[in-house]
Amino acid sequence: MSRLLFKKTGRAVFISHLDLMRTMQRVFLRAGLPIRHTEGFNPHPYMNFALPLSVGTESVCELMDFELTKSFDPAALPALLNEVSPEGIEAAAVYESPRKFKDIKWLDIEARLFYDKRTWMGEALRDFYAAPEVVIEKKTKRSTARVDVKPLIAALEISDEAENVTLLRARLAAQDPALSPAQLLSALTQLAPELAPDDAAFRRIEVYDKDMVLFR
Amino acid sequence: MTPKLRRVLTRVQKPARYTGGEYNQIVKDKAAVDLRMAFCFPDTYEIGMSNLGLQILYGTINAEPGMWCERCFAPWGDMEEELRREGIPLYALESGDPLTAFDAIGFSLGYEMAYTSVLNMLDLAGLPVRSADRTALTPLVFAGGTSCVNPEPMADFMDLFVLGEGEELDVELLRLLRKAKGENWTKDEFLRRVMDIPGVYVPRFYTPVYNDNGTLSRVDREPCTPETVRKRVVEDLDTAFFPTKCVVPSTEIVHDRVVLEVMRGCIRGCRFCQAGFVYRPVRRHSTDFLLEKAKAALLNSGYEEITLSSLSTSDFKGLPELADGLLDWCEPRKISLSLPSLRADNFSMALMERVQKVRKTGLTFAPEAGSQRLRDVINKNVTEEDVLHSCRVAFEGGWNTLKLYFMLGLPTETDEDVVAIARLAEKVLHTWREYASNKSRGVKITVSTSMFVPKPHTPFEWEAQVTVEEYLRRVKLLRESIHSRSIVYNWHEPHVSLIEAALSRGDRRMGAVLEEVWKTGGRLDSWSDYFSMDRWLAAFQTCGLDPAFYALRERGEDELFPWDVIDVGVRKSYLARERREAYAGRVTPDCRVKCMGCGASSLLERRACDE
């Protein structure tokens, strides 16, 4: 398996996970490098994404494992792929890695909170998240659980970018269990609706393992 | 993308259809172009992006220096609500600019039920829906496409119509518009001069006059207008633009594959089929040309499926060579070939067997009518033996799902003809019992019926449609005639077909109905989520019109039709002759067996079809 590090920004953020898989297959085909398929009755491509990305969220640290039908030069691959990619999908690097996606533990994100009428919300937000416990209701497929999200936040910096835009930079648990940026904000909706923004934009920045070492 | 639009997109379903940015989209420098066109498709992105005409004309216009053509589709209800609430005007996907920033807005009108969406899209763009209320030269609003062979229902809304194939016509139109813009012509001046381009119909210069009984009496027209407008065709398909760099959607669409158009027109002359008459004359691409274009289109798109497109692909001369050539190239690359529109004959089945090696999909046959008598009336030259033999080959080859399509309400149809559908389906089932290679998996035979819609420019353009009640009675009769659990029967909703019939043979007064339907909330009427029969009936009533007058009335042989102003090549006298043949139960041979002189060859300089 080879690994692709890529970005998904701009208009491409609205491509869903399922559509991204199809899109990536086509990108590789257009580059003349078909992804290998499994044998058998219902063949599927050898491709695997690290952490499925929500529709609407930007990312500069997406990882995808894949296997091709022929040999290739990893260093030359990003340029080949970028020539035939839709706007907003950008290959950054291709390499071999022994590390498993399940070793990913932390995710750096940015959340921009937009307020239509309220201003300078940074301080109030800092106070809110400084509480020793932030217990929210998290919906799973079957039930609703009450979870303290604080242990799932390794770091959180809050600053006002403009009078009605507040930037949250956070290191959140990436999986088992995960705290998504949307869930981070759902604490506001649930516990302090007066602090909840009118709109928010999310961006994934970087992934780490349990020792806070960059994951590649 | 503006923050406002981004915010909206996070709230709607399937936002990728509203973003643009797909691979192979064409983006030009606004400062370097002097004519901008928005190609508008009055249905969803998933439907519109599957339309071959869009891919062809998008490529054709963008190949012109100085012109930039972008795409725009009808938003789904949730997106429309957001656009209206946030005050975001309808925009084109490539640049995100509102439609009002364009010089030309061209609608593709393929089917009547999309008409209300045209009005809605104009309104979402902030433009008056009526041509008379748009006084400036630009944006010029026009339409083309199959259903424009009767332009009258949409005549109040369009500045002009382009008739026939657009590869040359659209470019000529846009060049004149560019000149008009540069020289500051008025809209009136432009609309008078644009009529010099063959294939352009400007409805405002024609005034219909009606008899007391509601039929058309005559059409008063200004001296500068042609009496009829002849549709345009491309003389040589191989030298016209052929799309090989299609926009590849980043989200799933209806036809998510390369569509390779192999021929235009159809030799068969099925009497109910509008496409079979209005797409004449028959012209084809050469096999070598198609092989080369197919490879290019597959390599440029990354699609893993290719389909051959035409009205009757079995009739494409050179199909064996093309299919062999394609399969030789596609098989090692795991690209599958699909062949819709195959006739149920021996040759086609041999081909299906070869195609099936890559991927086995469901099989569909369209006998259209259950009895041989009625198939002769509609000139569907398929015999029961053909159908059963094809089924045998299919079942022997391991297929176990089969769909059979029929129409109910065809002219002269009796209860025996309806019951014959059930008998035919049973014979198909019997064929499976006798010949299936693997019976353990069972069989599923699906019978579907739709209500026949008489269409302009066909031999049945004079015919009455059956009433909804009568259609439902025949549905019940057929349902009660089917006894096997292996045969599933689906019937299409008849109300939409009634409205479609009224619109397809409607006159200019239908514009008021369309506007009323739209004003009372109608749009996306081809979707059962949105179609409301009550809304349509109320609108007809408000406008003092009756859908029965348009749909259910048999016309006299001499009646002047609203669409007679459009000349599609096939003469009305030929259609009348074909209608008499239908009633006599006589079939007409296909164009290759004998030319019946329908008139379509006169559209070609070489006067010879099918070469």
Side-chain angles (χ1 to χ4, degrees), chain A residues 8-39 41-45 54-58 69-70 81-90 112-114 116 162 164-165 181-182 197-203, chain B residues 1-27 45-46 79 82 86 91 93-96 244-253 256-258 295-305 330 332-336 358-360:
Chain A
K8 187 165 175 268
T9 60
R11 304 204 236 189
V13 303
F14 293 104
I15 301 174
S16 72
H17 184 64
L18 195 68
D19 287 335
L20 181 66
M21 295 203 275
R22 204 180 353 252
T23 297
M24 278 302 192
Q25 270 190 75
R26 289 178 184 160
V27 167
F28 276 83
L29 266 176
R30 291 195 290 260
L33 295 161
I35 290 179
R36 207 158 78 79
H37 280 65
T38 57
E39 304 289 325
F41 188 69
N42 206 352
H44 60 270
S54 302
V55 176
T57 300
E58 281 196 323
T69 53
K70 45 182 161 183
L81 297 176
N82 288 335
E83 215 160 287
V84 291
S85 288
E87 197 182 302
I89 304 274
E90 193 192 333
R112 277 186 175 72
L113 281 55
F114 303 99
D116 291 344
N164 56 356
V165 184
D198 298 292
D199 180 32
F202 305 120
R203 185 181 176 93
Chain B
M1 188 179 297
T2 63
K4 198 151 85 170
L5 180 59
R6 191 201 59 76
R7 188 194 287 206
V8 159
L9 290 176
T10 58
R11 294 196 291 243
V12 298
Q13 285 177 46
K14 301 186 193 167
R17 53 189 168 170
Y18 306 118
T19 61
E22 310 95 316
Y23 181 68
N24 273 342
Q25 73 163 0
I26 293 170
V27 173
Y45 178 89
E46 291 88 332
M79 182 62 172
E82 293 282 355
E86 299 293 329
Y91 56 91
L93 293 184
E94 282 77 358
S95 63
T244 54
K245 286 188 177 166
C246 291
V247 182
V248 184
S250 305
T251 182
E252 196 171 8
I253 60 168
D256 218 359
R257 57 187 80 104
V258 169
K295 290 174 198 170
L298 285 163
L299 290 171
N300 288 334
S301 64
Y303 278 128
E304 290 172 287
E305 189 180 346
C330 290
R333 290 170 177 81
K334 300 231 185 332
I335 293 168
S336 61
V358 186
R359 190 176 299 166
K360 190 183 300 186

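The sequence lines fix the lettering, A, B, ..., with proteins before strands; numbering per chain opens at 1.
In terms of non-hydrogen atom pairs under 4.5 Å with chain B, the most contact-rich of A:His37, A:Gln25, A:Arg22, A:Arg26 is A:Arg26. By number of non-hydrogen pairs under 4.5 angstrom with chain A, the leading residue of B:Pro249, B:Gly20, B:Gly21, B:Pro15 is B:Gly21. Of all the listed residues (B:Leu298, B:Asp256, B:Asn300), the one sharing the greatest number of non-hydrogen pairs under 4.5 Å with chain A is B:Asp256. The candidate from B:Arg11, B:Lys14, B:Glu94, B:Arg333 with the greatest count of non-hydrogen atom pairs under 4.5 Å with chain A is B:Glu94. Heavy-atom pairs under 4.5 Å with chain B peak, among A:Asp198, A:Leu20, A:Asp116, A:Leu18, at A:Asp116.
Sparse packing is recorded around NZ of B:Lys245, with 12 or fewer heavy atoms of other residues, nucleotides or ligands lying under 6.0 Å away.
For a residue to count as touching a neighbouring chain, one of its non-hydrogen atoms must lie under 4.5 Å from one of that chain's; by this rule B:Asn24 does not touch chain A. In this structure, no portion of A:Ser16 lies under 4.5 Å from any heavy atom of chain B. Looking at A:Val13, there are no atoms closer than 4.5 Å to chain B (heavy atoms on both sides), in backbone or side chain. If you measure heavy-atom distances from B:Glu252 to chain A, the contacts under 4.5 Å come from both the backbone and the side chain. Of the atoms belonging to B:Leu93, it is backbone heavy atoms, and not side-chain ones, that fall under 4.5 Å from chain A. Heavy atoms of A:Ala12 lying under 4.5 Å from chain B are absent altogether. Contact of B:Leu299 with chain A is made through the backbone alone, with heavy-atom distances under 4.5 Å. Of the atoms belonging to A:Phe114, it is side-chain heavy atoms, and not backbone ones, that fall under 4.5 Å from chain B.
Both the sub-6.0 Å distance and the 45° axial angle are satisfied by A:Arg30 relative to the ring of B:Tyr23.
Side chains of A:Asp19 and B:Ser250: no donor on one and acceptor on the other come within 3.5 Å.
Between atom CZ of residue A:Phe14 and atom CZ of residue B:Arg6 there is a gap of 6.0 Å, rounded to the nearest 0.5 Å.
A donor-acceptor pair under 3.5 Å links the side-chain atoms of A:Arg11 to the main chain of B:Thr19, judged by distance alone.
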